[in-house]
Number of protein chains: 2
Amino acid sequence: MEHTLKRLATMQRLQVAGLELFYQNGYHSTSVDDILKKLDLSKGAFYYHFKSKEEFFISIIQNLIVQKVYSALVQPIEGKEDPFSIIESSLDASLETAEHNFFDNGFALSNFLSETKGKDPEVNTYLNDILKIWEVALITSLQKGKSDGYVARHVDSDGVAAYVISAYIGIRLQMASGNAKNLRYKFIQQLRTYFRSLAPQPIH
Amino acid sequence: MEHTLKRLATMQRLQVAGLELFYQNGYHSTSVDDILKKLDLSKGAFYYHFKSKEEFFISIIQNLIVQKVYSALVQPIEGKEDPFSIIESSLDASLETAEHNFFDNGFALSNFLSETKGKDPEVNTYLNDILKIWEVALITSLQKGKSDGYVARHVDSDGVAAYVISAYIGIRLQMASGNAKNLRYKFIQQLRTYFRSLAPQPIH
DNA sequence: AATAAGACCGACTAAGTGGTCTAATTAAGA
DNA sequence: TCTTAATTAGACCACTTAGTCGGTCTTATT
């Protein structure tokens, strides 16, 4: 019982440290030893809890990344009305933590996606699943918004979702290379313009 | 004289093969030996022409990637009128080659940007410079569009450029993970909607 | 044909890599 | 306290990596 607790604690420490290093230096450029050195642990400890580096990475994706994306991008929009303003504020909040917390891991997702593209198809699948979850939440929200009169009927919800996701991935990637604050401001401004054009137009 | 020609030919072969493999498998996951095996060349040849793997990569960026971005995304919009339609068609054309030519290398840029983010800051700088070139071209085109009556006066050209770049980076990154055709269609549709809202509104 | 420089070969090194294994340590239950 | 199992240490293995270096081949010049 207590054993189990200790086990989980150690696993968690490894995962958190692993995510941080993977995010900073990339999955392939981070060695298992790098992670262990950071925590003053040994090879034995690592391979006692995880059976390979890849399985370890997948466990990080499923435990930490899923949760971060869900709590930052999915949950805030679920069931809410007025999709455009709620999506906008969830993205803005997410970008804000990214802006201030340099190693925030908030959207390590896009980095990992590009890194595991050709190689590691299994890992890539898990990452894409997370994107899918977000996409579905966006589409659902937009569809509901049509019934509630917040979104124009002619709007292609799938298209809007794909576009929002693309733009967000792109901005996060650019923010990683500096001048985050400025980019965030521009991004939100343009997103707002774009959304405004998708709202039902007043009759005139 | 003839020597120089042979030298350049070999260097070019190495760079082309290198870009293809780097793009497919990532920079860090591609070994110099992988590239050499593909061309039936030896270590000696490689290090005779390039003094390190990193310098080799930079030469690829400056010779091949710059040129591709320039010819696909910068040149088509330079000096033209009607920025929105010309930008749209340049992006669509670029996505089309990406869609049909699986290893098109067209925008390896975004992959490399994310891979060299934390590590390889020097390489990252060169990549960002290319983005800057594109950004400037977009902004210039939009500004000119205002004078010519294609773009509404109140539009923030910087913001639009940043947003377009973000969306394009994001879509390219997603296209790398499959169903490219569908994504391309959605992307262009939404881009058009967005652009429409930035055009001068007819008086009514 | 002789020479010299340009271009290339490939064995080798040193520093990692993921992963295994045995032994030591720690903690739990009797 | 003694035993047993959970956990960690760290030496070790086979393999890969970027980069070196003395030697060989090719080509142009004389």
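Hydrogens, waters and symmetry mates play no part in the numbers below; they use all other heavy atoms, side chains included. The sequence lines fix the lettering, A, B, ..., with proteins before strands; numbering per chain opens at 1. Predicted model only: the values in this text are computed from it and were never measured.
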Would you classify [X] as touching base, sugar-phosphate or nothing, given that sugar-phosphate means primed atoms plus P, OP1 and OP2, and contacts are heavy atoms under 4.0 Å?
X       : result
B:Asp40 : sugar-phosphate
B:Lys43 : base
B:Ser29 : nothing

Atom pair distance, as rounded to whole Å: [atom1] in [X] and [atom2] in [N]:
X       : N      : atom1 : atom2 : answer
A:Ile35 : C:dG19 : CD1   : C1'   : 14 Å
B:Leu39 : C:dA7  : CG    : C1'   : 15 Å
A:Phe22 : C:dG18 : CZ    : P     : 8 Å
A:Tyr48 : C:dT25 : OH    : C1'   : 13 Å
A:His28 : D:dA18 : NE2   : P     : 14 Å
A:Leu41 : C:dA24 : CG    : C1'   : 16 Å
B:Met11 : C:dG6  : CE    : P     : 15 Å
A:Lys51 : C:dT20 : NZ    : C1'   : 15 Å

query: Between A:Asp148 and A:Lys144, does at least one N-O distance fall below 4.0 Å, as a salt bridge requires?
result: yes
message: Does this structure show an ion pair linking B:Glu99 with B:Arg184, if we count only N-O contacts that are shorter than 4.0 Å?
response: yes
message: Assuming nearest nucleotide by heavy-atom distance, tell me which of A:Gly44 and A:Asp34 is located more 5' along DNA chain C.
response: A:Asp34
Under 4.0 Å between a side-chain N or O of [X] and OP1 or OP2 of [N]?
X       : N      : value
B:Thr10 : C:dC8  : yes
B:Ser31 : D:dT17 : yes
A:Arg7  : D:dA6  : no

- prompt: Any idea how B:Tyr163 and A:Phe187 line up, ring-wise: parallel (<30°), tilted (30 to 60°), or perpendicular (>60°)?
  reply: tilted
- request: Could you tell me how the ring of B:Phe56 sits relative to the ring of B:Phe50: parallel (under 30°), tilted (30 to 60°) or perpendicular (over 60°)?
  value: perpendicular
field: Toward the 5' end of DNA chain D, by each residue's nearest nucleotide, B:Phe46 or A:His49
entry: A:His49
Per [X] side chain, nearest of listed nucleotides [options]:
X       : options                : value
B:Lys53 : D:dA9, C:dC9, D:dG19   : D:dG19
B:Tyr47 : C:dT20, D:dA18, C:dC8  : D:dA18
B:Val32 : D:dA18, C:dG18, D:dG10 : D:dA18

- prompt: Is it the case that B:Arg7 places NZ or CZ above or below the six-membered ring of B:Tyr48, under 6.0 angstrom from the centre and within 45 degrees of the axis?
  reply: yes
